[in-house]
Amino acid sequence: MINKVNKSSMIFAVAATVFFWIGGILTTAAPALLDKSWSKPAPGLKDYATLAKSGDADAKAIMEGRAIYVREGCWYCHTQQTRTIEADTIRSGWRGEKSPVSTPDEFVYDQPHMFGTRRTGPDLSRVGGKYDGQWHAAHFRDPRSLVPGSAMPPFPWIANDPKELAALTAYIQSLGRAKNWRPSGDYEQ
Amino acid sequence: MSAEDVKGPSAMAAHEDKSAFGFVMAAGLFFVVSGIYALVIAAKLQYPTLLGSVSWLTYGRMRPVHTNGMLFGWLLAADMGLIYYLVPRLCGVKLWSEKLGLATLALWITIILGAVVTISLGFNQGLEYAELPLWLDILVVIAWIMFGINIFATVAVRKYQQMYVSLWYILASILWTAFVYLVGNFATMFTSGVNQANLNWFYVHNAVGLIFTPLGLALGYYFIPKASEAPLYSHRLSMIGFWSLAFVYVWTGAHHMLHGPISQWLQTVSILFSVMLMIPVWSLVWNFFATMKGQWHQLKDNVPIKFLMSGTIFYLLTCFQGPMHSLRSVNAIVSKTDWIVGHAHMAVLGAFSFFAVGGAYYAIPRMLKTKLHSQALANASFWMWLVGGLSFFVSLWIGGFLQGLQWNDPSIPFIDTVKFMQPFWAVRLIGGILMFGGILIFFWNIVATFTGRADRPSEAL
């Protein structure tokens with residue numbers, strides 16, 4: 001009896017191991033090769049990392065801001081993806097205009113990716129141009145002063161550092177702008 | 001497989017259990033520290049200005065210390081300690097090298113302390129569960145190789161030919177972990193965007209599925225028959241569970257990106273395989289329950305069994321939720337809400353921590369050849385954990401589900417859905433405090449078992 005069980009479980013073992021590797025490869029390496037949209041940048045997408053290296057001051061600020069966003073763990077509370085769910089496109093939208101859903105080609109240069117998993121705060125995939133710089137400065141210093149009941153922590157060490165504040169704001173204002181989706185380019189500065 | 005394979009053999013080799021004990025103690029200490037972090041960040045949701053002017057105590061830095069501390073400082077270290085305990089016993093030989101085990105322990109403690117310092121200072125790589133800087137990732141790989149060598153070498157010189165299912169899980173998991181960890185922490189360095197996110201979710205999902213699940217189940221398979229003194233119901237069923245786990249888990253990572261910017265076909269594949277996860281789960285739960293048949297009266301005063309069987313039920317619930325979340329219609333409501341947070345905590349704190357704690361309560365006195373400091377305290381820790389855990393999980397499920405419904409009605413301003421969560425977060429915090437009490441009592445109990453070991457010598461091992 002034991003022998004029989006062992007024999008059939010050996011066959012199963014080999015099959016499962018093979019299947020494990022097929023699964024591992026088909027779901028990690030293969031999709032990127034099969035789906036070209038994962039690596040082909042959207043027409044309006046800027047490669048800020050490369051631009052920053054070539055001396056572009058705006059791109060540099062955006063990259064620094066992005067590093068702050070990573071460092072402070074903003075991404076544990078904010079997602080950056082307008083999903084294929086109607087309510088998402090309305091919530092990310094602007095003055096009755098629905099926002100386009102997020103597509104892989106908008107994120108080709110994101111390293112690390114900032115899609116996020118949890119929405120303790122709102123999705124930020126289309127937040128660029130929603131508020132002006134002054135709003136963000138006040139918001140980072142004390143979110144509840146602008147939005148009573150907010151669960152977002154204050155970031156005084158950023159608000160008090162003009163360089164960091166400018167960088168983080170520049171990054172937030174860049175989000176979702178690869179697709180120029182608002183009517184008549186109606187973005188706050 | 002007879003009861004003899006699971007019982008008895010340990011008498012043949014004199015086990016030192018130094019590495020085993022050291023790992024469980026270190027894990028217990030990290031459990032306490034990560035628990036403190038947990039309470040602070042839970043409180044921060046209600047009082048966002050709490051410790052708000054100190055950069056290294058901001059929410060976004062404490063949260064990764066908490067998650068890494070719980071996963072790698074507590075749970076993985078506890079699993080490793082208990083594996084150092086049970087593998088030699090299942091093989092009828094001593095651990096291959098206690099020295100190597102203690103060196104692994106020293107390295108592991110260094111890694112966890114390094115993680116706390118680097119993350120607090122803001123050195124975050126920006127990928128979930130893969131936050132640690134490269135040099136720490138490399139140390140993790142080295143520690144894992146040291147652990148793997150010790151375990152494989154012990155199994156290689158074993159006295160008992162038949163390999164009990166726990167050994168299957170442990171050996172496979174050591175190999176899977178290597179692959180999964182390399183993808184999550186190294187392959188991601190060379191990718192970006194959706195491609196990187198896909199690797200990231202492959203890693204996150206399989207860290208749970210192919211590391212914590214098999215190691216936790218290995219503990220269950222060992223300690224449930226041991227602690228209840230009842231033979232495992234079916235060896236064959238355990239093999240079905242094992243190999244179907246290997247079959248289906250790797251395919252499911254993309255269910256973390258459902259409705260998101262990732263290929264539809266990959267989403268569908270992940271859904272199909274997520275649903276198939278029911279097979280390994282149900283076969284395991286059936287096996288554990290059938291093992292307990294006629295033994296349920298032991299639930300009354302056998303503390304390890306209380307933990308192990310409640311852990312089994314939490315495992316069943318967690319793994320029922322998982323496939324459900326992956327259905328597109330359900331996902332559209334619960335994804336990105338606190339429902340998922342409740343789910344994740346039930347998996348780690350409910351199911352797998354319960355297996356580890358139950359195992360530790362059983363094994364620690366035997367490692368020290370003594371008796372547990374206090375059964376009453378152990379029992380108290382169980383009830384605090386159970387009641388605290390249930391209030392925590394249930395409040396987040398209800399709150400998260402309702403918040404998900406609100407998000408799908410765009411006429412409700414987002415901030416109202418945040419305020420709506422406050423009472424649920426309050427219950428979660430209270431549940432967390434109760435669970436933290438359980439952690440403290442657990443830790444105190446094993447420390448006292450150690451310090452008072454000479455006063456309570458035990459005949460039976």
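Since this is a predicted model, take the numbers as computed values, not measurements. First the proteins, then the strands, lettered A, B, ... as listed; each starts at 1. Only this structure's heavy atoms are used, side chains among them; waters, hydrogens and symmetry mates stay out.
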So which of [options] has the largest heavy-atom pair count under 4.5 angstrom toward chain B?
options	answer
A/Leu34, A/Leu26, A/Ile85	A/Ile85
A/Phe115, A/Tyr69, A/Trp38	A/Trp38
A/Gly23, A/Ser150, A/Pro148	A/Gly23
A/Gly116, A/Gly93, A/Gly73	A/Gly73
A/Ser37, A/Pro153, A/Ala29, A/Ser39	A/Pro153
A/Ala67, A/Ala87, A/Pro156	A/Ala87

B/Ile340/B/Lys336 under side chain to side chain contact (heavy atoms under 4.5 Å, CB included): CA gap, chis, key distance, verdict: CA-CA 7 Å; B/Ile340 304 295; B/Lys336 318 284 183 279; over 6 Å; no
Is it true that atom [atom1] of [X] has more than 12 heavy atoms of other residues, nucleotides or ligands lying nearer than 6.0 Å?
X	atom1	value
A/Gln134	CD	no
B/Lys419	NZ	yes
B/Gln422	CD	yes
B/Phe123	CZ	no

Is the shortest distance from a Lys or Arg side-chain nitrogen in [X] or [Y] to a carboxylate oxygen in the other one below 4.0 Å?
X	Y	value
B/Arg61	A/Glu72	yes
A/Arg71	A/Glu64	no
A/Asp88	A/Arg126	no
B/Arg63	B/Glu128	yes
A/Arg83	A/Asp123	no

Between [options], which residue shows the highest count of heavy-atom pairs closer than 4.5 Å to chain A?
options	value
B/Ala197, B/Pro413, B/Gly253	B/Ala197
B/Asn195, B/Val194, B/Val54	B/Val194
B/Ile412, B/Asn206, B/Asp416, B/Leu245	B/Ile412
B/Gln403, B/Lys44, B/Met257	B/Met257
B/Leu45, B/Thr188, B/Asp338	B/Asp338

Cation-pi, A/Tyr187 ring and A/Arg177 (6.0 angstrom, 45 degrees):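 Yes, a cation-pi geometry holds between A/Arg177 and A/Tyr187.
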Does any backbone or side-chain atom of [X] lie under 4.5 Å from a heavy atom of chain A? Answer side chain, backbone, both or neither.
X	answer
B/Asn198	side chain
B/Gln406	backbone
B/Phe242	neither
B/Phe414	both
B/Val204	neither
B/Thr191	backbone
B/Tyr249	neither
B/Leu199	side chain
B/Ser335	both
B/Ala254	neither
B/Asp409	backbone
B/Met62	neither
B/Leu258	backbone

Under 3.5 Å: donor-acceptor pair, side chain of A/Arg182, backbone of A/Gly129: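 It does hold such a pair.
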A/Glu164 side chain to A/Ile158 backbone, donor-acceptor under 3.5 Å: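 Side chain of A/Glu164 to backbone of A/Ile158: no pair is present.
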Residue pair B/Trp407 / B/Thr417, side-chain donor-acceptor N/O under 3.5 Å: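 Short answer, yes.
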Donor-acceptor side-chain pairing of B/Ser274 and B/His255 below 3.5 angstrom: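 B/His255 and B/Ser274 do have a side-chain donor-acceptor pair below 3.5 Å.
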Part of A/Met152 within contact of chain B (heavy atom distance under 4.5 Å):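 Just the backbone, heavy atoms under 4.5 Å.
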B/Glu131: which of B/Asn124, B/Asn68, B/Asn185 passes side-chain hydrogen bond (donor to acceptor under 3.5 Å, both in side chains):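 With B/Glu131 as partner, B/Asn124, B/Asn68, B/Asn185 yield a single side-chain hydrogen bond (donor to acceptor under 3.5 Å, both in side chains), made by B/Asn68.
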Worked check of side chain to side chain contact (heavy atoms under 4.5 Å, CB included) between A/Tyr131 and A/Glu188: CA-CA 6 Å; A/Tyr131 306 102; A/Glu188 297 282 349; 5.6 Å; no
Residue-level contacts of residues 74-82 of chain A with chain B, using a heavy-atom cutoff under 4.5 Å: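 Those residues of residues 74-82 of chain A which have a heavy atom under 4.5 Å from chain B are A/Trp75, A/Tyr76, A/Cys77, A/Thr79, A/Gln81.
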Gap between atom CG of B/Leu396 and atom OG1 of B/Thr337 - 0.5 Å precision: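 Separation between the atoms: 9.0 Å.
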